[in-house]
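Report on one structure; see the data block that follows.
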Amino acid sequence: MSAPVQPPEARVAAEHPEAPGYRAGRTLPLRVEAVRQLRRRRTLLMGGVLAALPFILIIAFAIGGTPDGEDGGRGSGRINLMDVATESAANFAATSLFVSAGFLLVIPVALFCGDTVASEASWSSLRYLLAAPVPRVRLLWSKLVVALGFSLAAMVLLPVVALAAGTAAYGWGPLKLPTGGAVAAGDTVPRLMIVVAFIFVSQLVTAGLAFWLSTRTDAPLGAVGGAVFLTIVGNVLDAVTALGSWRDFLPAHWQFAWADALQPQVEWGGMVKGAAISVTYALILFALAFRGFSRKDIVS
């Protein structure tokens with residue numbers, strides 16, 4: 001019976017058990033991985049798209065006039081921000097997040113988390129990284145942290161640009177609520193930070209799907225597209241009211257719970273439930289990714 005085939009990194013470790021200066025924890029530093037990902041064309045393109053969105057909305061409002069709220073919020077059934085979008089920079093930033101949270105912000109998360117490992121496999125560089133040797137857990141950890149960091153940066157970039165552009169176009173002022181009342185101008189930035197934080201947590205499910213698929217395939221487009229597709233399926237299922245209370249277990253059911261942060265008094269109940277659901281699914285998917293990759297025979 002032939003001996004089992006060892007992974008490349010195991011063979012290197014066996015041949016060089018006491019390599020001078022080698023420290024597993026120092027391989028593939030986060031700084032190096034971050035610079036590699038930052039220089040990639042898709043990162044710059046995604047950043048450009050998100051930075052351009054507020055200006056596109058300003059042009060649309062300038063051409064179409066002040067929103068009248070006739071169609072604002074239709075489909076969400078919960079919030080209506082379009083008719084107050086031009087009241088202040090804070091309103092404009094909240095509206096930018098509202099129109100993009102359902103789909104546009106899913107794209108960078110799926111892209112950064114789904115492309116990170118699969119792209120190395122498609123370039124046939126993954127086996128050389130492991131033969132360096134970079135421990136598999138260390139490799140996945142570095143790539144996951146950097147991917148989540150870029151995903152968060154994408155979600156922060158949009159409201160920051162929207163606040164700057166909205167201040168120039170509509171002025172700084174309190175966040176006026178569609179249901180009446182307002183949030184003081186000094187409290188708008190902390191409220192928007194809560195919104196961004198919740199959107200990021202709610203997108204951890206997409207991140208987990210994309211990252212798991214990235215460890216299972218050598219096709220980056222398959223990992224990214226698969227995560228986006230499954231996210232869309234979740235949104236479709238949430239629209240099926242016949243599912244009743246089963247929808248409470250769908251992450252998509254809570255994706256607009258951040259609207260509770262844009263109230264005179266912040267209501268945490270929906271956001272806590274949504275965050276708990278998203279984190280639970282994400283931890284399971286991340287665990288599957290690490291477990292499967294640790295046993296995978298890397299040939300790319």
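Worth knowing before you read on, the calculation uses all heavy atoms, side chains too, and leaves out hydrogens, waters and symmetry mates.
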**Item:** Trp254/Asp248 under side-chain contact (heavy atoms from CB on, under 4.5 Å): CA gap, chis, key distance, verdict
**Value:** CA-CA 8 Å; Trp254 306 97; Asp248 293 346; 4.2 Å; yes
**Request:** Carefully, step by step, assess His253 and Ile277 under the rule side-chain contact (heavy atoms from CB on, under 4.5 Å).
**Result:** CA-CA 10 Å; His253 186 68; Ile277 292 290; over 6 Å; no
**Request:** Would you sort out whether Phe112 and Thr43 count as a side-chain contact (heavy atoms from CB on, under 4.5 Å), showing the intermediate values?
**Result:** CA-CA 8 Å; Phe112 294 137; Thr43 303; 3.8 Å; yes
**Message:** For Leu50 and Leu105: C-alpha separation, side-chain torsions, deciding distance, then whether side-chain contact (heavy atoms from CB on, under 4.5 Å) applies.
**Reply:** CA-CA 9 Å; Leu50 291 174; Leu105 290 180; 4.0 Å; yes
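Heavy-atom neighbours of Trp172 CH2 from other residues, nucleotides or ligands within 6.0 Å: above the threshold of 12. At most 12 non-hydrogen atoms from other residues, nucleotides or ligands lie less than 6.0 angstrom from CZ of Arg216.
Note that CG of Leu38 and CZ of Phe150 are 4.5 Å apart. Values are rounded to the nearest 0.5 Å. In this structure, OG1 in Thr116 is found 10.0 Å from CG in Leu148, a value given to the nearest 0.5 Å. Atom CE of Met271 sits about 11.0 Å away from atom CD1 of Ile199, to the nearest 0.5 Å. Going from atom CD of Gln263 over to atom CG of Asp260 covers 6.0 Å, rounded to the nearest 0.5 Å. For the atom pair CD (Gln203) and CZ (Phe198), the distance works out to 10.0 Å, reported to the nearest 0.5 Å.
Between Phe211 and Phe286, the ring planes are perpendicular. Angles over 60° get that label, and only those under 30° would be called parallel.
Of the possible polar contacts, one joining the Arg247 side chain to the Asp238 backbone as a donor-acceptor pair under 3.5 Å is found. Put simply, the side chain of Ser88 gets close to the backbone of Pro174: a donor and an acceptor are under 3.5 Å apart. In this structure, Ser142 contributes its side chain and Leu139 its backbone to no donor-acceptor pair below 3.5 Å. When atom types are taken as modelled, the side chain of Ser278 and the backbone of Ala275 share no donor-acceptor pair closer than 3.5 angstrom. Using modelled atom types, one side-chain atom of Ser151 and one backbone atom of Ala147 make a donor-acceptor pair closer than 3.5 Å. Using modelled atom types, one side-chain atom of Tyr281 and one backbone atom of Phe249 make a donor-acceptor pair closer than 3.5 Å.
Nearest heavy atoms, Ala118 versus Thr217: CB-O, 3.6 Å. Here the closest non-hydrogen pair linking Ser100 and Leu53 is CB-CD2, 4.0 Å. Residues Pro159 and Ala93 share a closest heavy-atom pair of O-CB, 4.1 Å. The nearest pair of heavy atoms linking Val161 to Pro54 is CG1-CG, 3.9 Å.
For the pair Leu177 and Val183, the minimum side-chain heavy-atom distance is below 4.5 Å. Arg36 has its side chain within reach of Lys143: a pair of non-hydrogen atoms, C-beta onward, lies under 4.5 Å apart.
Clustering ILVMFWY residues whenever any of their side-chain heavy atoms sit less than 4.5 angstrom apart, transitively, puts Phe55 in the very cluster that holds Val156. No single ILVMFWY cluster, assembled from side-chain heavy atoms under 4.5 Å apart, contains both Leu221 and Val106.
Applying the side-chain hydrogen bond (donor to acceptor under 3.5 Å, both in side chains) criterion to Asp115, with sequence neighbours excluded, gives Arg40, Arg42.
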